[in-house]
Amino acid sequence: MFALGLLTIAFSTIVTVDGFEFTSSDEVARFSRLIEEFRCPQCLNTNLAGSDAPIAMDLRRTIYELMTDGKTDREIREYLRERYGDFILFRPRFTPKTVILWLLPVVLCLIASLLVLQLRRSRHNESLTTEELAQVEKLMGSKEC
């Protein structure tokens, strides 16, 4: 009974995720967070955690190996970004190359807001006066069908 308890304790300290062994739940959480942060180069709109592509498995293995080598999250991000470019990041960095990605939605919302305001103003200015309405009614009444 005592030996069974020791075996349970020994095996509970090793957690296996995706075929990789971790010594703590913190490492599992860190690994999970990292593989959700990167885009699969083959699947495009899927992160590494949700992709079954062979390259996604290779990248998960790379992240695991970098973690076991003692690399920080920042170093892992830089390593993958240097190899695969900004494309691999789901949240691209704010750089001169990506400024359009970050600012275009804001600019489009401002333009749409200005167009809506302009349409409201033009509709308000287009309403007919009582004299104009009387003229329309007079013209409509004098027209024969």
Side-chain angles (χ1 to χ4, degrees), residues 5 7-145:
L7 282 174
T8 304
I9 292 171
F11 285 119
S12 67
T13 59
I14 298 174
V15 180
T16 303
V17 174
D18 213 10
F20 306 118
E21 292 182 359
F22 298 95
T23 57
S24 71
S25 59
D26 290 340
E27 285 182 354
V28 173
R30 179 180 174 214
F31 179 76
S32 297
R33 189 177 60 251
L34 283 168
I35 64 174
E36 288 176 3
E37 194 175 311
F38 297 105
R39 182 188 322 268
C40 174
Q42 184 176 345
C43 301
L44 302 183
N45 289 326
T46 306
N47 59 19
L48 295 178
S51 175
D52 293 332
I55 190 155
M57 184 59 195
D58 290 342
L59 287 170
R60 288 192 295 263
R61 185 178 309 110
T62 300
I63 290 171
Y64 174 77
E65 289 170 358
L66 291 170
M67 284 177 60
T68 56
D69 288 346
K71 302 290 183 190
T72 65
D73 290 0
R74 185 178 198 161
E75 290 171 326
I76 293 171
R77 283 185 200 99
E78 275 302 308
Y79 175 82
L80 290 175
R81 192 191 58 76
E82 285 175 7
R83 273 191 106 177
Y84 296 94
D86 285 334
F87 173 78
I88 200 157
L89 303 172
F90 261 123
R91 285 177 272 146
R93 301 172 308 140
F94 191 83
T95 65
K97 288 182 179 179
T98 61
V99 72
I100 284 185
L101 282 174
W102 288 102
L103 296 181
L104 188 62
V106 173
V107 170
L108 290 177
C109 285
L110 287 173
I111 290 172
S113 298
L114 291 173
L115 287 173
V116 167
L117 288 174
Q118 185 63 30
L119 283 173
R120 285 188 178 180
R121 285 184 186 157
S122 66
R123 283 188 181 169
H124 180 67
N125 293 338
E126 288 179 5
S127 58
L128 299 175
T129 64
T130 53
E131 293 173 359
E132 292 170 332
L133 283 173
Q135 287 178 350
V136 169
E137 287 177 13
K138 182 179 174 185
L139 291 172
M140 293 294 286
S142 65
K143 202 173 198 181
E144 295 180 19
C145 295

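Considering every non-hydrogen atom in both Phe87 and Pro41, the closest pair reads CE2-CA, 4.0 Å. Annotation for Arg77 and Phe38: closest pair CG-CZ, 3.7 Å, computed over non-hydrogen atoms. Nearest heavy-atom pair, Glu36 versus Ala49, reported as atom, atom and distance to 0.1 Å: CG-CB, 3.8 Å.
Side-chain atoms of Tyr64 do not come within 3.5 Å of backbone N or O of Phe22 as any donor-acceptor pair. Checking side-chain atoms of Arg81 against main-chain N and O of Leu89 turns up no donor-acceptor pair under 3.5 Å.
Between Glu78 and Glu82 there is a side-chain heavy-atom pair separated by less than 4.5 Å. For the pair Met67 and Phe20, the minimum side-chain heavy-atom distance is 4.5 Å or more.
Note that CZ of Arg30 is 10.0 Å distant from CD1 of Ile63, once rounded to the nearest 0.5 Å. To the nearest 0.5 Å, atoms CG (Leu103) and CG (Leu108) are separated by 11.0 Å.
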Sequence neighbours excluded and cut-off under 3.5 Å, please list the side-chain donor-acceptor pairs for residues 50-59, or say none.
from  : atom 1 : to    : atom 2 : distance (Å)
Ser51 : OG     : Ala53 : N      : 3.1
Asp58 : OD1    : Arg61 : NH1    : 3.0

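For Leu117, there are no side-chain contact (heavy atoms from CB on, under 4.5 Å) partners, not counting sequence neighbours. Checked against side-chain hydrogen bond (donor to acceptor under 3.5 Å, both in side chains), Asn47 has no partners two or more places apart in sequence or in another chain.
Exactly one residue among Ile76, Leu66, Leu48 makes a side-chain contact (heavy atoms from CB on, under 4.5 Å) with Leu34. That residue is Ile76.
Applying the 6.0 Å contact sphere to CG of Asn45 captures no more than 12 heavy atoms from other residues, nucleotides or ligands. The environment of Leu110 atom CG is dense: over 12 non-hydrogen atoms of other residues, nucleotides or ligands sit within 6.0 angstrom.
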